[in-house]
Amino acid sequence: MSDTMTDEEFDAAFAKAEELSLLFREIGPKYDIDNTFAYPTIEKFKESGLTGFCVPKEYGGMGGTILQTSKIISELSKGDSAITLAYNMHFIMCGMTMGLFSEAQNKHWLGRVADGEIMFGPFSEKRAGFSGLADMTAVPQPEGGWRLYGTKTWGTLSEASTIVTTNATITDADGVVPEGYEARVEAECFFVADFIVDEEGVGEGVKIEKTWDALGMHATGTHVVVFDGFYIPEDGWVCQWRGGAFGVLEWASLMFASIYLGMQYRVLEEARAVLSKKTLGATFGAIAAAETKVSGVGHIIDGIGDMAMRNELSRRVLYQTCQELIDGKDDEWPVELRFPYIGLAKTFVAENVMYMTRKSMSLIGGMSFRKGTIFERLYRDSAASMFQPLNSDQSTTYIGEYLLAPEELND
Ligand SMILES: Cc1cc2nc3c(=O)[nH]c(=O)nc-3n(C[C@H](O)[C@H](O)[C@H](O)COP(=O)(O)OP(=O)(O)OC[C@H]3O[C@@H](n4cnc5c(N)ncnc54)[C@H](O)[C@@H]3O)c2cc1C
């Protein structure tokens, strides 16, 4: 990106994010209980102008870098991580597509995003998850273009979006998937199209099945999206999926990390607010005293310090990873390790947020376990960090495989 934001432009956008974050904070608990998408946020998000935050200036956007986008997302997530995780899909797809779209596609689609439209990216499927090759098919049409057939089981933000990006395997004219692993990888492609559905979530050849019901992250609206003959015109083909997306997945990994960094800020804020004031009165036990203020108890002082340390380390790991990418330092990493090394920032922040949500409950005590407290909510929501790419297990597998079979040893 050549023309980036000035500090003044960033400060103005950040102030918008702070405003939106307050709204998310206020209404988040209602949508957690209602277990639905936070509908009133759609217009507010559009009005904030942040839809085009990371869209390059040449396409009408603000030109935010990956580091600046990370800061905006964490600020929003501090207000409410579930609502922000929904809009995070928009930022992820803007970041990924700008590196994959043709010039004409950038102008058209990112121009629309800069004007306030929202995009989403349902890729994961029931069998295939995220890393399995897509079972969804793209059947070539006699008039040109393709029709999509298949089901995406994780469609975050579908209810607010007017642009869909997704992946499918191109078949022959009869809908038969190519045989053989390599041929299948080659045929799996990335597409973009208009996403027009009615209030029931039904459109031409596509349907949102409003089935999202999970342990946490209720307000994400991560519904199932069924494609049944959904038409993609010829100019909706973007690139081959695996070769393309895996080269720009930092926009997924690091934006997820930003969500959980924002959640860490909130955990620390809420834990401090309770623990700095809480008094146990007269106690008989580990501490026997006529009056015990928890802010003077050793393990509670250490616990807060420990959480603050993890939060600060997470911030540094995430910001430094973003900065190294901006500076092109990733060119110095072995190419096989680029993806897992970027993923490390996400897994580090994720492991720490899960630790912190558990730790804060243990420090605060049983009241934090009651339904409706922010702590049980953060505990549930933080569990989602295990699943988004890259997960910890796959990061270590990538790195271990490389270290156990380097090319030099094969020679
Ligand atoms: C709140 C929330 C919102 C989401 N929103 C979206 C969305 O908008 N769009 C979207 O596309 N996805 C979304 N996802 C889906 C998510 O990112 C994962 O794709 C999904 O959880 C399925 O993938 P998985 O790896 O968790 O499970 P599976 O793919 O079923 O994996 C099962 C096990 O196999 C392992 N495994 C899988 N593949 C490999 C491999 N190649 N090598 C080694 N081990 C492997 C996994 O680590 C895991 O242990 C969302 C998830 C959450 C929690």
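Sequential numbering from 1 along the given sequence is applied to the chain's residues. Atoms considered below: every heavy atom in the structure, side chains included; atoms not considered: hydrogens, waters and symmetry mates. All values derive from a computational prediction rather than experimental measurement. Counting starts at 1 for both ligands and their atoms, in listed order.
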| field | Proximity flag D393 to ligand 1, non-hydrogen atoms under 4.0 Å | value | no
| task | Taking only heavy atoms of F130 into account, list the atoms of ligand 1 that are under 4.0 Å away from them. | result | 19 (O), 23 (O)
| field | Any protein heavy atom nearer than 4.0 Å to atom 17 (O) of ligand 1 | value | yes
| task | Starting from atom 10 (C) of ligand 1, find the nearest protein heavy-atom neighbour and note its residue, name and distance. | result | S124 OG, 3.3 Å
| Hey, is the main chain of W212 close enough, under 3.5 Å, to the side chain of H223 for a donor-acceptor pair? | yes
| query | Nearest to atom 34 (O) of ligand 1, what protein heavy atom do you find, and at what distance? | reply | Q394 NE2, 5.0 Å
| field | Salt bridge present between E250 and R338 (N-O < 4.0 angstrom) | value | yes
| task | Using a 4.0 Å heavy-atom threshold (strictly under), name the region of Q388 that reaches ligand 1: side chain, backbone, both or neither. | result | both
| task | Could you tell me whether E269 and K78 make a salt bridge, using a distance below 4.0 angstrom between a side-chain N and a carboxylate O? | result | no
| query | Which of the atoms in ligand 1, numbered in the order shown and given with their element, are less than 4.0 Å from a heavy-atom of T156? | reply | 3 (C), 4 (C), 5 (N), 6 (C), 7 (C), 8 (O)
| request: Go through ligand 1 atom by atom and flag the ones less than 4.0 Å from a non-hydrogen atom of G129. | output: 22 (C), 23 (O), 29 (O)
| Which ligand 1 atoms are under 4.0 Å away from a heavy-atom of P389? | 17 (O)
| Is the backbone N or O of G175 less than 3.5 Å from a side-chain atom of Y149, with the two atoms forming a donor-acceptor pair by type? | no
| query | Salt-bridged, K207 to D198, with N to O below 4.0 Å? | reply | no
| Got an N/O contact under 3.5 Å between F123 and ligand 1? | yes
| message | I'd like to check whether G121 has a polar contact with ligand 1, where a contact means an N/O of the residue lying under 3.5 Å from an N/O of the ligand. | response | yes
| Exam field: side chain T156 to backbone T222, donor-acceptor pair closer than 3.5 Å | no
| request: Measure from atom 41 (N) of ligand 1 to the protein's non-hydrogen atoms and state whether any distance is below 4.0 Å. | output: yes
| field | Atom of G221, atom of S158 and distance for their closest heavy-atom approach | value | O-OG, 4.2 Å
| request: Taking only Lys NZ, Arg NE, NH1 and NH2, and the carboxylate oxygens of Asp or Glu, determine whether R147 and E204 approach each other closer than 4.0 Å. | output: no
| query | At a non-hydrogen distance cut-off of under 4.0 Å, which region of L157 contacts ligand 1 (side chain, backbone, both, or neither)? | reply | neither
| Is R112 salt-bridged to D194, going by a charged N under 4.0 Å from an acidic O? | yes
| said: Under 4.0 Å from atom 49 (O) of ligand 1, is there at least one protein heavy atom? | reply: no
| note | Here the atoms of ligand 1 under 4.0 Å from any heavy atom belonging to T222 are 3 (C), 4 (C), 5 (N)
| task | Please check atom 21 (O) of ligand 1 for a protein heavy-atom neighbour under 4.0 Å. | result | yes
| remark: Any heavy atom of N391 under 4.0 Å from ligand 1? The part involved is side chain
| request: Verify the contact flag for atom 30 (O) of ligand 1, where contact means a protein heavy atom under 4.0 Å away. | output: no
| query | Please state which protein non-hydrogen atom is closest to atom 7 (C) of ligand 1 and give its distance, to 0.1 Å? | reply | W154 O, 3.0 Å
| In terms of ring plane angle, is the pair F190 and W241 parallel, tilted or perpendicular, where the classes change at 30° and 60°? | tilted
| query | Going by the order shown, which atoms of ligand 1 are within less than 4.0 Å of some heavy atom of L85? | reply | 1 (C)
| said: Among all protein heavy atoms in this structure, tell me which lies nearest to atom 38 (N) of ligand 1, with the distance rounded to 0.1 Å. | reply: S131 OG, 2.7 Å
| note | So the atoms of ligand 1 within less than 4.0 Å of a heavy atom of F387 turn out to be 17 (O), 18 (C), 21 (O), 26 (O)
| Are the side chain of Q68 and the backbone of T65 linked by a donor-acceptor contact shorter than 3.5 Å? | yes
| said: Tell me the closest heavy-atom pair linking A138 and W146, and the distance in Å. | reply: O-CD1, 3.8 Å
| task | Before giving the answer on side chain to side chain contact (heavy atoms under 4.5 Å, CB included), spell out for R266 and R25 the whole-Å C-alpha distance, their side-chain angles and the decisive distance to 0.1 Å. | result | CA-CA 10 Å; R266 185 68 184 271; R25 182 181 287 247; 3.6 Å; yes
